[in-house]
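Have a look at the structure below before the remarks.
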Amino acid sequence: MCLPEVIAIDGPSASGKSTIGHMLAQALGYLFLDTGSMYRAVTLAALQANIDVMDETAVTQLARQIDIDIQPPGNMQDGRLYTVLLNGKDVTWELRSPAVDTHVSLISSYPGVREEMVLHQRQYGQRGHVVMVGRDIGTVVMPDAPLKLYITASPAERARRRWLDRQKQGHNTDYETILADVLRRDEIDSNRKHSPLRPAEDAILIDTTQKPAETILQEILELAHTHCR
Ligand code: DC
């Protein structure tokens with residue numbers, strides 16, 4: 001039975017792509033690589049170093065210096081899908097803070113930051129057996145991936161999911177603020193000059209608004225067996 005070495009999943013924030021990507025990786029025994037966490041790690045590093053997030057040169061330099069490592073969660077049983085080490089320190093949950101949310105779209109729009117992260121992502125891709133999730137995986141990072149998916153959901157549903165996540169993490173942000181943030185980030189991610197969010201021409205579109213994750217997983221597993229080489 002043949003399977004794609006790399007499965008590329010793109011889509012807007014809170015579309016369900018991480019949940020589904022993780023389930024898929026588990027089902028196939030693949031590494032789950034959430035590339036958004038890399039841009040979040042750069043953002044956190046800039047905030048921690050008190051670097052002005054508008055200072056593109058300083059942020060880009062920082063992106064080249066820091067060490068980001070993404071690993072399976074091991075025996076950490078706190079709901080994480082993976083562990084992110086920033087310069088050796090576990091920052092998995094700090095990456096989800098409202099401060100990182102606010103600035104990550106800007107920082108991920110810097111071409112020098114993207115260049116650095118893409119190099120890193122391709123190294124994971126070359127090792128194979130990876131489900132890679134992001135915004136530009138099918139279009140830029142792994143354009144030759146045998147299976148490319150573009151996962152979406154309505155903005156209202158995505159805001160509802162993010163609101164639930166926030167509640168679980170103990171952040172009390174109201175729904176309207178989250179919806180406004182989801183729309184603002186869609187706008188930045190889709191309209192930025194470098195590697196904007198869009199489906200690859202040969203990506204398969206999946207809408208998760210009203211479909212349970214388990215059903216979608218089964219559909220993707222079927223696709224995986226027909227999209228390999
Ligand atoms: O998926 P996420 O919300 O964790 O992504 C955080 C930010 O990083 C988001 O603003 C889009 C950006 N991103 C990107 O530009 N390219 C990727 N491959 C992944 C994320």
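The basis for the numbers below is simple: all heavy atoms, side chains too, and nothing from hydrogens, waters or symmetry mates. In each ligand, atom 1 is the first atom listed, and ligand 1 is the first ligand listed.
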Heteroatom proximity flag, D189 to ligand 1, N/O under 3.5 Å: yes
R40 and E94: CA distance, side-chain angles, deciding distance, salt bridge (charged side-chain N to carboxylate O under 4.0 Å, His left out) verdict: CA-CA 9 Å; R40 287 176 179 272; E94 281 166 271; over 6 Å; no
Nearest-contact summary for atom 8 (O) of ligand 1 - protein heavy atom, Å: Y39 CB, 3.7 Å
Which segment of H103 sits under 4.0 Å of ligand 1 when only heavy atoms are counted: neither
Other residues, nucleotides, ligands: >12 heavy atoms within 6.0 Å of Q65 CD: yes
M38, portion touching ligand 1 at heavy-atom distance under 4.0 Å: neither
Which residue and heavy atom of the protein sit nearest atom 3 (O) of ligand 1, plus the separation: R185 NH2, 2.8 Å
Distance from atom 16 (N) of ligand 1 to nearest protein heavy atom, with residue and atom: R114 NH2, 3.0 Å
Exercise: do T83 and R80 side chains pair donor with acceptor under 3.5 Å: yes
Donor on one side chain, acceptor on other, E187 and N191, under 3.5 Å: yes
Polar atom proximity, T35 to ligand 1 (N or O, under 3.5 Å): yes
Residue, atom name and distance, where the atom is the protein heavy atom closest to atom 20 (C) of ligand 1: G36 CA, 3.5 Å
Atom CD of E115: over 12 foreign heavy atoms under 6.0 Å: no
Nearest neighbour of atom 18 (N) of ligand 1 from the list T43, V104, D136, D186, on a heavy-atom basis: D136
Protein contact of atom 12 (C) of ligand 1 - nearest heavy atom, named by residue and atom, plus distance: S108 OG, 3.5 Å
S108 and R185: side chain donor to acceptor below 3.5 Å: no
Numbered atoms of ligand 1 (with element) below 4.0 Å of K17, judged on heavy atoms: 1 (O)
Nearest heavy-atom neighbours spanning I151 and P12: O-CD, 3.4 Å
Nearest-neighbour protein heavy atom for atom 2 (P) of ligand 1, which is reported as residue plus atom name and distance: R135 NH2, 3.7 Å
Ring geometry between Y30 and H129 (parallel below 30°, tilted from 30 to 60°, perpendicular above 60°): parallel
Check: I188 and L106 side chains under 4.5 Å, non-hydrogen atoms: no
Sub-4.0 Å atoms of ligand 1 with respect to non-hydrogen atoms of S105: 10 (O)
Nearest protein heavy atom with distance in Å, relative to atom 4 (O) of ligand 1: R40 NE, 2.7 Å
